[in-house]
Protein chains: 2
Amino acid sequence: MSRSGNAVDAQTILDAAVGMLEEGGIAGFSMRGLADRIGVAVTSIYWHVGGRDALFDSLTDRLRDEMAALPTDGATPIERITALARAQRTMLIDRQHLLAVANARHRARTLFVPVQQHLATELAGLGITGDHAALALRSIEVHVISFALMQFSSLRGDKNDVADASAWTDDWLDRELAEALRSPTDYDAVFEYGLSALLASLC
Amino acid sequence: MSRSGNAVDAQTILDAAVGMLEEGGIAGFSMRGLADRIGVAVTSIYWHVGGRDALFDSLTDRLRDEMAALPTDGATPIERITALARAQRTMLIDRQHLLAVANARHRARTLFVPVQQHLATELAGLGITGDHAALALRSIEVHVISFALMQFSSLRGDKNDVADASAWTDDWLDRELAEALRSPTDYDAVFEYGLSALLASLC
DNA sequence: ACCTGAACACCGTTCAAGT
DNA sequence: ACCTGAACACCGTTCAAGT
(Lines give C-alpha, C1' and ligand atoms only; values in the text may rest on other atoms or scores of the structure.)
Protein backbone atom coordinates (compact mmCIF):
# COMPACT_ATOMS: atom_id res chain seq x y z
CA MET A 1 0.00 0.00 0.00
CA SER A 2 2.53 2.56 1.13
CA ARG A 3 5.33 1.67 -1.26
CA SER A 4 5.74 2.50 -4.90
CA GLY A 5 9.11 1.05 -5.97
CA ASN A 6 9.35 -2.71 -5.63
CA ALA A 7 12.75 -3.12 -3.96
CA VAL A 8 11.47 -5.41 -1.23
CA ASP A 9 14.33 -7.17 0.53
CA ALA A 10 14.99 -8.49 4.00
CA GLN A 11 16.32 -5.13 5.22
CA THR A 12 13.23 -3.20 4.13
CA ILE A 13 11.03 -5.72 5.85
CA LEU A 14 13.01 -5.60 9.09
CA ASP A 15 12.95 -1.80 9.04
CA ALA A 16 9.20 -1.79 8.57
CA ALA A 17 8.87 -4.31 11.40
CA VAL A 18 10.82 -2.02 13.72
CA GLY A 19 8.55 0.87 12.78
CA MET A 20 5.47 -1.19 13.40
CA LEU A 21 6.78 -2.35 16.78
CA GLU A 22 7.64 1.20 17.83
CA GLU A 23 4.10 2.27 17.07
CA GLY A 24 2.07 -0.52 18.57
CA GLY A 25 4.44 -2.70 20.54
CA ILE A 26 4.50 -6.45 20.33
CA ALA A 27 0.73 -6.62 20.84
CA GLY A 28 0.19 -4.44 17.80
CA PHE A 29 2.43 -6.50 15.58
CA SER A 30 1.18 -9.04 13.07
CA MET A 31 2.59 -10.60 9.94
CA ARG A 32 -0.45 -9.55 7.99
CA GLY A 33 -0.30 -6.00 9.27
CA LEU A 34 3.37 -5.82 8.40
CA ALA A 35 2.66 -6.99 4.87
CA ASP A 36 -0.02 -4.32 4.48
CA ARG A 37 2.35 -1.67 5.75
CA ILE A 38 4.93 -2.60 3.13
CA GLY A 39 2.38 -3.09 0.41
CA VAL A 40 3.12 -6.71 -0.30
CA ALA A 41 1.44 -10.07 0.24
CA VAL A 42 2.06 -11.73 3.61
CA THR A 43 3.55 -14.72 1.94
CA SER A 44 6.32 -12.66 0.41
CA ILE A 45 7.60 -11.93 3.91
CA TYR A 46 7.96 -15.64 4.46
CA TRP A 47 10.14 -15.87 1.38
CA HIS A 48 12.51 -13.08 2.47
CA VAL A 49 12.86 -13.45 6.22
CA GLY A 50 10.91 -16.53 7.19
CA GLY A 51 8.09 -16.72 9.74
CA ARG A 52 7.37 -14.66 12.82
CA ASP A 53 9.96 -16.39 14.98
CA ALA A 54 12.72 -16.01 12.40
CA LEU A 55 11.81 -12.36 11.95
CA PHE A 56 11.98 -11.74 15.71
CA ASP A 57 15.32 -13.53 15.87
CA SER A 58 16.68 -11.31 13.13
CA LEU A 59 15.54 -8.21 14.99
CA THR A 60 17.23 -9.52 18.12
CA ASP A 61 20.49 -10.08 16.25
CA ARG A 62 20.29 -6.58 14.83
CA LEU A 63 19.80 -5.01 18.24
CA ARG A 64 22.60 -7.14 19.65
CA ASP A 65 24.97 -5.84 17.00
CA GLU A 66 23.99 -2.25 17.69
CA MET A 67 25.02 -2.83 21.29
CA ALA A 68 28.63 -3.27 20.19
CA ALA A 69 29.16 0.47 19.85
CA LEU A 70 28.24 1.48 23.40
CA PRO A 71 30.49 4.16 24.94
CA THR A 72 32.88 3.12 27.70
CA ASP A 73 34.56 6.24 29.02
CA GLY A 74 35.72 6.81 32.55
CA ALA A 75 38.96 7.23 34.47
CA THR A 76 38.88 4.03 36.51
CA PRO A 77 37.68 0.49 35.77
CA ILE A 78 34.75 0.95 38.15
CA GLU A 79 33.72 4.16 36.40
CA ARG A 80 33.97 2.50 33.02
CA ILE A 81 31.88 -0.47 34.15
CA THR A 82 29.29 1.91 35.57
CA ALA A 83 29.20 3.94 32.37
CA LEU A 84 28.82 0.80 30.29
CA ALA A 85 25.99 -0.55 32.40
CA ARG A 86 24.17 2.79 32.35
CA ALA A 87 24.62 3.21 28.61
CA GLN A 88 23.28 -0.24 27.91
CA ARG A 89 20.34 0.28 30.20
CA THR A 90 19.50 3.58 28.49
CA MET A 91 19.65 1.93 25.11
CA LEU A 92 17.44 -0.96 26.22
CA ILE A 93 14.82 1.41 27.60
CA ASP A 94 15.05 3.40 24.38
CA ARG A 95 14.42 0.25 22.38
CA GLN A 96 11.83 -1.17 24.76
CA HIS A 97 9.85 -2.94 22.09
CA LEU A 98 12.86 -4.63 20.56
CA LEU A 99 13.90 -5.78 24.02
CA ALA A 100 10.42 -7.24 24.40
CA VAL A 101 10.85 -8.99 21.06
CA ALA A 102 14.14 -10.53 22.18
CA ASN A 103 12.47 -11.60 25.39
CA ALA A 104 9.54 -13.15 23.54
CA ARG A 105 12.11 -15.33 21.82
CA HIS A 106 13.77 -16.05 25.19
CA ARG A 107 16.90 -14.36 23.93
CA ALA A 108 17.10 -11.22 26.06
CA ARG A 109 20.46 -12.27 27.45
CA THR A 110 21.91 -12.39 23.97
CA LEU A 111 21.85 -8.60 24.04
CA PHE A 112 24.57 -8.64 26.64
CA VAL A 113 27.11 -10.48 24.49
CA PRO A 114 28.80 -7.46 22.87
CA VAL A 115 29.37 -5.92 26.30
CA GLN A 116 30.86 -9.04 27.86
CA GLN A 117 34.37 -8.68 26.52
CA HIS A 118 34.65 -5.01 27.52
CA LEU A 119 33.45 -5.90 30.97
CA ALA A 120 35.86 -8.82 31.29
CA THR A 121 38.73 -6.50 30.41
CA GLU A 122 37.72 -4.00 33.07
CA LEU A 123 37.30 -6.73 35.67
CA ALA A 124 40.77 -8.02 34.82
CA GLY A 125 42.00 -4.46 35.41
CA LEU A 126 40.60 -4.79 38.93
CA GLY A 127 42.44 -8.06 39.40
CA ILE A 128 39.26 -10.07 39.12
CA THR A 129 39.54 -13.16 36.93
CA GLY A 130 38.29 -16.70 36.57
CA ASP A 131 35.16 -17.89 38.31
CA HIS A 132 34.83 -14.73 40.35
CA ALA A 133 34.91 -12.64 37.18
CA ALA A 134 32.29 -14.86 35.58
CA LEU A 135 30.01 -14.45 38.59
CA ALA A 136 30.45 -10.68 38.70
CA LEU A 137 29.94 -10.41 34.97
CA ARG A 138 26.72 -12.34 35.03
CA SER A 139 25.44 -10.45 38.04
CA ILE A 140 25.85 -7.19 36.18
CA GLU A 141 24.35 -8.72 33.07
CA VAL A 142 21.24 -9.91 34.87
CA HIS A 143 20.92 -6.65 36.76
CA VAL A 144 21.00 -4.52 33.61
CA ILE A 145 18.79 -6.66 31.42
CA SER A 146 16.22 -8.06 33.81
CA PHE A 147 15.83 -4.61 35.29
CA ALA A 148 15.09 -3.03 31.93
CA LEU A 149 12.72 -5.86 31.15
CA MET A 150 10.78 -5.37 34.32
CA GLN A 151 10.72 -1.59 34.14
CA PHE A 152 9.31 -1.79 30.65
CA SER A 153 6.72 -4.26 31.78
CA SER A 154 5.76 -2.17 34.81
CA LEU A 155 5.42 1.04 32.84
CA ARG A 156 2.84 -0.58 30.64
CA GLY A 157 0.76 -1.53 33.65
CA ASP A 158 1.25 1.55 35.78
CA LYS A 159 -2.23 1.44 37.22
CA ASN A 160 -1.16 -1.55 39.28
CA ASP A 161 1.43 0.52 41.07
CA VAL A 162 -1.37 2.67 42.39
CA ALA A 163 -3.76 -0.17 43.15
CA ASP A 164 -1.19 -2.15 45.09
CA ALA A 165 -0.08 0.94 46.92
CA SER A 166 -3.54 1.42 48.37
CA ALA A 167 -2.58 -1.27 50.89
CA TRP A 168 -0.19 1.22 52.47
CA THR A 169 -2.25 3.20 54.90
CA ASP A 170 -0.69 5.97 56.92
CA ASP A 171 -1.35 4.39 60.27
CA TRP A 172 1.21 1.79 59.46
CA LEU A 173 4.60 1.56 61.08
CA ASP A 174 6.60 4.14 59.17
CA ARG A 175 4.83 7.16 57.73
CA GLU A 176 7.70 8.28 55.50
CA LEU A 177 8.15 4.74 54.13
CA ALA A 178 4.45 4.37 53.47
CA GLU A 179 4.50 7.69 51.66
CA ALA A 180 7.47 6.63 49.52
CA LEU A 181 5.88 3.29 48.63
CA ARG A 182 2.65 4.94 47.63
CA SER A 183 4.31 7.01 44.92
CA PRO A 184 5.46 5.31 41.72
CA THR A 185 8.82 3.60 41.66
CA ASP A 186 11.84 5.70 40.71
CA TYR A 187 13.49 3.06 38.56
CA ASP A 188 16.63 5.07 37.96
CA ALA A 189 17.28 5.33 41.67
CA VAL A 190 16.62 1.66 42.29
CA PHE A 191 18.86 0.69 39.40
CA GLU A 192 21.71 2.82 40.69
CA TYR A 193 21.26 1.47 44.20
CA GLY A 194 21.59 -2.12 43.03
CA LEU A 195 24.42 -1.38 40.66
CA SER A 196 26.56 0.38 43.24
CA ALA A 197 25.89 -2.43 45.71
CA LEU A 198 27.15 -4.92 43.13
CA LEU A 199 30.22 -2.86 42.34
CA ALA A 200 31.02 -2.22 45.99
CA SER A 201 31.13 -5.96 46.55
CA LEU A 202 33.89 -6.22 43.97
CA CYS A 203 36.47 -4.37 46.04
CA MET B 1 -15.38 -33.79 28.06
CA SER B 2 -13.53 -34.78 31.19
CA ARG B 3 -16.19 -33.85 33.75
CA SER B 4 -19.35 -35.65 34.69
CA GLY B 5 -20.94 -33.58 37.46
CA ASN B 6 -21.95 -30.10 36.42
CA ALA B 7 -20.63 -28.02 39.32
CA VAL B 8 -18.80 -25.52 37.13
CA ASP B 9 -17.85 -22.43 39.06
CA ALA B 10 -15.06 -19.88 38.98
CA GLN B 11 -12.81 -21.96 41.24
CA THR B 12 -13.08 -25.08 39.08
CA ILE B 13 -12.25 -23.05 36.02
CA LEU B 14 -9.23 -21.40 37.65
CA ASP B 15 -7.97 -24.77 38.87
CA ALA B 16 -8.28 -26.22 35.39
CA ALA B 17 -6.46 -23.19 34.00
CA VAL B 18 -3.57 -23.76 36.40
CA GLY B 19 -3.38 -27.38 35.31
CA MET B 20 -3.38 -26.42 31.67
CA LEU B 21 -0.67 -23.83 32.23
CA GLU B 22 1.50 -26.28 34.13
CA GLU B 23 1.30 -28.71 31.24
CA GLY B 24 1.81 -26.44 28.25
CA GLY B 25 2.85 -23.08 29.61
CA ILE B 26 1.36 -19.83 28.42
CA ALA B 27 1.91 -20.80 24.79
CA GLY B 28 -0.19 -23.93 25.25
CA PHE B 29 -3.05 -22.08 26.86
CA SER B 30 -6.23 -21.08 25.08
CA MET B 31 -9.76 -20.27 26.14
CA ARG B 32 -11.14 -22.88 23.79
CA GLY B 33 -8.72 -25.53 25.01
CA LEU B 34 -9.60 -24.72 28.60
CA ALA B 35 -13.30 -25.11 27.83
CA ASP B 36 -12.67 -28.50 26.23
CA ARG B 37 -10.65 -29.60 29.23
CA ILE B 38 -13.51 -28.78 31.57
CA GLY B 39 -16.15 -30.12 29.22
CA VAL B 40 -18.07 -26.92 28.78
CA ALA B 41 -18.64 -24.35 26.05
CA VAL B 42 -16.08 -21.55 25.77
CA THR B 43 -18.71 -18.97 26.33
CA SER B 44 -19.55 -20.33 29.74
CA ILE B 45 -16.06 -19.39 30.90
CA TYR B 46 -16.83 -15.83 29.96
CA TRP B 47 -19.85 -15.90 32.19
CA HIS B 48 -17.97 -17.19 35.24
CA VAL B 49 -14.59 -15.50 35.14
CA GLY B 50 -14.64 -13.14 32.19
CA GLY B 51 -12.22 -13.08 29.28
CA ARG B 52 -8.61 -14.13 29.02
CA ASP B 53 -7.26 -11.00 30.69
CA ALA B 54 -9.65 -11.24 33.62
CA LEU B 55 -8.80 -14.92 34.02
CA PHE B 56 -5.08 -14.16 34.08
CA ASP B 57 -5.65 -11.38 36.60
CA SER B 58 -7.52 -13.78 38.86
CA LEU B 59 -4.66 -16.29 38.65
CA THR B 60 -2.23 -13.51 39.54
CA ASP B 61 -4.30 -12.52 42.57
CA ARG B 62 -4.43 -16.14 43.67
CA LEU B 63 -0.68 -16.54 43.44
CA ARG B 64 -0.18 -13.25 45.25
CA ASP B 65 -2.31 -14.47 48.14
CA GLU B 66 -0.39 -17.72 48.37
CA MET B 67 2.76 -15.67 48.83
CA ALA B 68 1.43 -14.41 52.16
CA ALA B 69 2.39 -17.63 53.95
CA LEU B 70 6.09 -17.63 53.11
CA PRO B 71 8.39 -18.70 56.00
CA THR B 72 10.52 -16.04 57.65
CA ASP B 73 12.75 -17.75 60.16
CA GLY B 74 16.23 -16.65 61.13
CA ALA B 75 18.07 -15.28 64.15
CA THR B 76 18.89 -11.81 62.83
CA PRO B 77 16.99 -9.37 60.58
CA ILE B 78 19.51 -9.97 57.78
CA GLU B 79 19.01 -13.73 58.05
CA ARG B 80 15.25 -13.33 58.01
CA ILE B 81 15.39 -11.06 54.96
CA THR B 82 17.63 -13.56 53.20
CA ALA B 83 15.32 -16.44 54.07
CA LEU B 84 12.29 -14.52 52.84
CA ALA B 85 13.93 -13.60 49.55
CA ARG B 86 15.09 -17.17 48.97
CA ALA B 87 11.71 -18.64 49.84
CA GLN B 88 9.90 -16.32 47.50
CA ARG B 89 12.34 -17.00 44.72
CA THR B 90 11.91 -20.75 45.16
CA MET B 91 8.16 -20.40 45.03
CA LEU B 92 8.29 -18.24 41.91
CA ILE B 93 10.51 -20.74 40.14
CA ASP B 94 8.16 -23.49 41.27
CA ARG B 95 5.21 -21.63 39.81
CA GLN B 96 7.06 -20.48 36.70
CA HIS B 97 4.02 -20.50 34.48
CA LEU B 98 1.89 -18.49 36.87
CA LEU B 99 4.70 -15.97 37.16
CA ALA B 100 4.69 -15.76 33.37
CA VAL B 101 0.95 -15.19 33.47
CA ALA B 102 1.34 -12.33 35.96
CA ASN B 103 4.05 -10.90 33.75
CA ALA B 104 1.89 -11.15 30.65
CA ARG B 105 -0.58 -8.91 32.47
CA HIS B 106 2.29 -6.62 33.51
CA ARG B 107 1.56 -7.43 37.11
CA ALA B 108 4.64 -9.41 38.16
CA ARG B 109 5.46 -6.87 40.85
CA THR B 110 2.10 -7.44 42.48
CA LEU B 111 3.47 -10.76 43.68
CA PHE B 112 5.78 -8.91 46.00
CA VAL B 113 3.04 -7.15 47.95
CA PRO B 114 2.50 -9.76 50.69
CA VAL B 115 6.23 -9.77 51.44
CA GLN B 116 6.55 -6.00 51.66
CA GLN B 117 5.28 -5.57 55.19
CA HIS B 118 7.48 -8.34 56.60
CA LEU B 119 10.47 -6.82 54.88
CA ALA B 120 9.67 -3.34 56.13
CA THR B 121 9.52 -4.68 59.68
CA GLU B 122 12.92 -6.33 59.34
CA LEU B 123 14.44 -3.20 57.82
CA ALA B 124 13.06 -1.17 60.71
CA GLY B 125 14.80 -3.66 63.00
CA LEU B 126 18.03 -2.68 61.28
CA GLY B 127 17.27 0.98 61.88
CA ILE B 128 16.44 1.57 58.24
CA THR B 129 13.32 3.63 57.66
CA GLY B 130 11.79 6.19 55.33
CA ASP B 131 13.15 6.75 51.84
CA HIS B 132 16.17 4.55 52.43
CA ALA B 133 13.92 1.67 53.47
CA ALA B 134 11.74 2.19 50.39
CA LEU B 135 14.80 2.07 48.15
CA ALA B 136 16.17 -1.06 49.80
CA LEU B 137 12.79 -2.74 49.75
CA ARG B 138 12.29 -2.12 46.08
CA SER B 139 15.81 -3.21 45.24
CA ILE B 140 15.19 -6.56 46.87
CA GLU B 141 11.79 -6.76 45.22
CA VAL B 142 13.19 -6.18 41.76
CA HIS B 143 16.10 -8.51 42.39
CA VAL B 144 13.88 -11.42 43.42
CA ILE B 145 11.17 -11.03 40.83
CA SER B 146 13.03 -9.88 37.76
CA PHE B 147 15.62 -12.55 38.43
CA ALA B 148 13.03 -15.32 38.53
CA LEU B 149 11.41 -13.90 35.43
CA MET B 150 14.66 -13.93 33.52
CA GLN B 151 15.78 -17.32 34.72
CA PHE B 152 12.47 -18.80 33.62
CA SER B 153 12.78 -17.13 30.27
CA SER B 154 16.38 -18.28 29.81
CA LEU B 155 15.68 -21.87 30.74
CA ARG B 156 13.11 -22.09 27.98
CA GLY B 157 15.70 -20.96 25.43
CA ASP B 158 18.72 -22.78 26.75
CA LYS B 159 20.16 -23.42 23.31
CA ASN B 160 21.06 -19.73 23.14
CA ASP B 161 23.36 -20.09 26.10
CA VAL B 162 25.43 -22.51 24.11
CA ALA B 163 25.24 -20.60 20.84
CA ASP B 164 26.32 -17.33 22.41
CA ALA B 165 29.05 -19.06 24.32
CA SER B 166 30.71 -20.13 21.08
CA ALA B 167 32.11 -16.61 20.91
CA TRP B 168 34.34 -17.42 23.86
CA THR B 169 37.43 -19.03 22.41
CA ASP B 170 40.22 -20.24 24.65
CA ASP B 171 42.86 -17.94 23.20
CA TRP B 172 41.05 -15.07 24.79
CA LEU B 173 42.37 -13.17 27.78
CA ASP B 174 41.39 -15.40 30.66
CA ARG B 175 41.13 -19.14 30.14
CA GLU B 176 39.32 -19.88 33.38
CA LEU B 177 36.81 -17.07 32.77
CA ALA B 178 36.18 -18.23 29.21
CA GLU B 179 35.63 -21.74 30.52
CA ALA B 180 33.16 -20.50 33.12
CA LEU B 181 31.23 -18.41 30.61
CA ARG B 182 30.99 -21.31 28.21
CA SER B 183 29.09 -23.46 30.68
CA PRO B 184 25.45 -22.66 31.46
CA THR B 185 24.68 -20.03 34.06
CA ASP B 186 24.40 -21.15 37.66
CA TYR B 187 21.41 -18.99 38.51
CA ASP B 188 21.41 -19.87 42.19
CA ALA B 189 24.96 -18.64 42.57
CA VAL B 190 24.31 -15.43 40.65
CA PHE B 191 21.17 -14.78 42.69
CA GLU B 192 23.02 -15.25 45.97
CA TYR B 193 25.87 -13.04 44.80
CA GLY B 194 23.52 -10.18 43.98
CA LEU B 195 21.43 -10.64 47.11
CA SER B 196 24.38 -10.58 49.48
CA ALA B 197 25.76 -7.52 47.71
CA LEU B 198 22.44 -5.77 48.27
CA LEU B 199 22.28 -6.78 51.91
CA ALA B 200 25.89 -5.85 52.55
CA SER B 201 25.15 -2.34 51.36
CA LEU B 202 22.51 -2.03 54.07
CA CYS B 203 25.02 -2.05 56.92
C1' DA C 1 14.08 -15.66 -8.23
C1' DC C 2 10.30 -13.63 -6.47
C1' DC C 3 5.37 -12.79 -5.47
C1' DT C 4 0.56 -14.20 -5.25
C1' DG C 5 -4.27 -15.97 -3.57
C1' DA C 6 -6.53 -19.59 -1.51
C1' DA C 7 -6.88 -22.56 2.10
C1' DC C 8 -6.03 -24.68 6.78
C1' DA C 9 -6.24 -24.66 11.45
C1' DC C 10 -6.32 -21.99 14.82
C1' DC C 11 -7.35 -17.68 18.06
C1' DG C 12 -10.54 -14.25 21.62
C1' DT C 13 -14.87 -12.22 22.04
C1' DT C 14 -19.87 -10.90 21.47
C1' DC C 15 -24.55 -11.81 21.46
C1' DA C 16 -29.03 -13.53 20.74
C1' DA C 17 -31.20 -17.68 21.99
C1' DG C 18 -32.19 -21.24 24.86
C1' DT C 19 -33.39 -23.65 29.62
C1' DA D 1 -28.97 -17.91 36.78
C1' DC D 2 -26.48 -20.43 33.75
C1' DC D 3 -25.11 -22.49 29.30
C1' DT D 4 -25.21 -22.81 24.31
C1' DG D 5 -24.09 -22.31 19.03
C1' DA D 6 -23.27 -19.21 15.53
C1' DA D 7 -20.86 -15.54 13.91
C1' DC D 8 -17.20 -11.85 13.61
C1' DA D 9 -12.81 -10.41 13.05
C1' DC D 10 -8.74 -11.67 13.57
C1' DC D 11 -4.19 -14.75 13.76
C1' DG D 12 0.43 -17.65 11.60
C1' DT D 13 1.67 -20.77 8.15
C1' DT D 14 1.73 -23.80 3.94
C1' DC D 15 1.58 -24.58 -0.75
C1' DA D 16 0.49 -24.83 -5.48
C1' DA D 17 0.33 -21.51 -9.00
C1' DG D 18 1.84 -17.76 -11.35
C1' DT D 19 5.55 -14.47 -13.69
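Because the structure is predicted, anything quoted here is derived from the model rather than measured. Atoms considered below: every heavy atom in the structure, side chains included; atoms not considered: hydrogens, waters and symmetry mates.
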- line: Here the residues of residues 20-30 of chain B within 4.0 Å heavy-atom distance, strictly under, of DNA chain D are none
- line: With sequence neighbours left out, the residues meeting salt bridge (charged side-chain N to carboxylate O under 4.0 Å, His left out) with A:Asp53 are A:Arg105
Show the atom names and distances, to 0.1 Å, of all donor-acceptor pairs under 3.5 Å that link a side chain in residues 192-201 of chain A to residues at least two apart or in another chain.
{"unit_1": "A:Glu192", "atom_1": "OE1", "unit_2": "A:Arg86", "atom_2": "NE", "d": "3.4"}
{"unit_1": "A:Glu192", "atom_1": "OE1", "unit_2": "A:Arg86", "atom_2": "NH2", "d": "3.0"}
{"unit_1": "A:Glu192", "atom_1": "OE2", "unit_2": "A:Arg86", "atom_2": "NE", "d": "2.7"}
{"unit_1": "A:Tyr193", "atom_1": "OH", "unit_2": "B:His132", "atom_2": "NE2", "d": "3.4"}
{"unit_1": "A:Ser196", "atom_1": "OG", "unit_2": "A:Glu192", "atom_2": "O", "d": "3.1"}
{"unit_1": "A:Ser196", "atom_1": "OG", "unit_2": "A:Tyr193", "atom_2": "O", "d": "3.2"}
{"unit_1": "A:Ser201", "atom_1": "OG", "unit_2": "A:Leu198", "atom_2": "O", "d": "2.7"}

query: What integer number of Å spans the P atoms of D:dA9 and C:dC10?
result: 22 Å
Which donor-acceptor pairs under 3.5 Å do side chains of residues 40-48 of chain A form with protein atoms, sequence neighbours excluded?
{"unit_1": "A:His48", "atom_1": "NE2", "unit_2": "A:Val8", "atom_2": "O", "d": "3.2"}

With [X], which residues qualify under side chain to side chain donor-acceptor pair (under 3.5 Å), at least two apart?
X	value
A:Ser146	B:Ser146
A:Glu22	none
B:Arg62	B:Gln11, B:Asp15
B:Gln88	none

- request: Map every base of DNA chain C to its dot-bracket character, where paired means a Watson-Crick or G-U wobble contact with both distances under 3.5 Å and | marks a partner outside the strand.
  value: ||.|||||...|||||.||
task: Name all residues meeting the side-chain contact (heavy atoms from CB on, under 4.5 Å) criterion together with B:Asp131; count only those two or more places apart in sequence or in a different chain, and write none if there are none.
output: A:Glu176, A:Ala180
Side-chain ion pair, B:Asp61 and B:Arg107, N-O less than 4.0 Å: yes
A:Asp9 CG to C:dC2 C1', straight-line distance once rounded to whole Å: 12 Å
- request: Summarise how protein sits on nucleotides 13-18 of chain C as a single string, 5' to 3': B when a protein heavy atom is under 4.0 Å from the base, S for sugar-phosphate-only contact, - for no contact.
  value: BBB---
Distance-only donor-acceptor pairs under 3.5 Å for side chains of residues 95-103 of chain A, two or more places apart:
{"unit_1": "A:Arg95", "atom_1": "NH2", "unit_2": "A:Glu66", "atom_2": "OE1", "d": "2.5"}
{"unit_1": "A:Arg95", "atom_1": "NH2", "unit_2": "A:Glu66", "atom_2": "OE2", "d": "3.1"}
{"unit_1": "A:Gln96", "atom_1": "NE2", "unit_2": "A:Ile93", "atom_2": "O", "d": "3.4"}
{"unit_1": "A:Asn103", "atom_1": "ND2", "unit_2": "B:Ser153", "atom_2": "OG", "d": "3.3"}

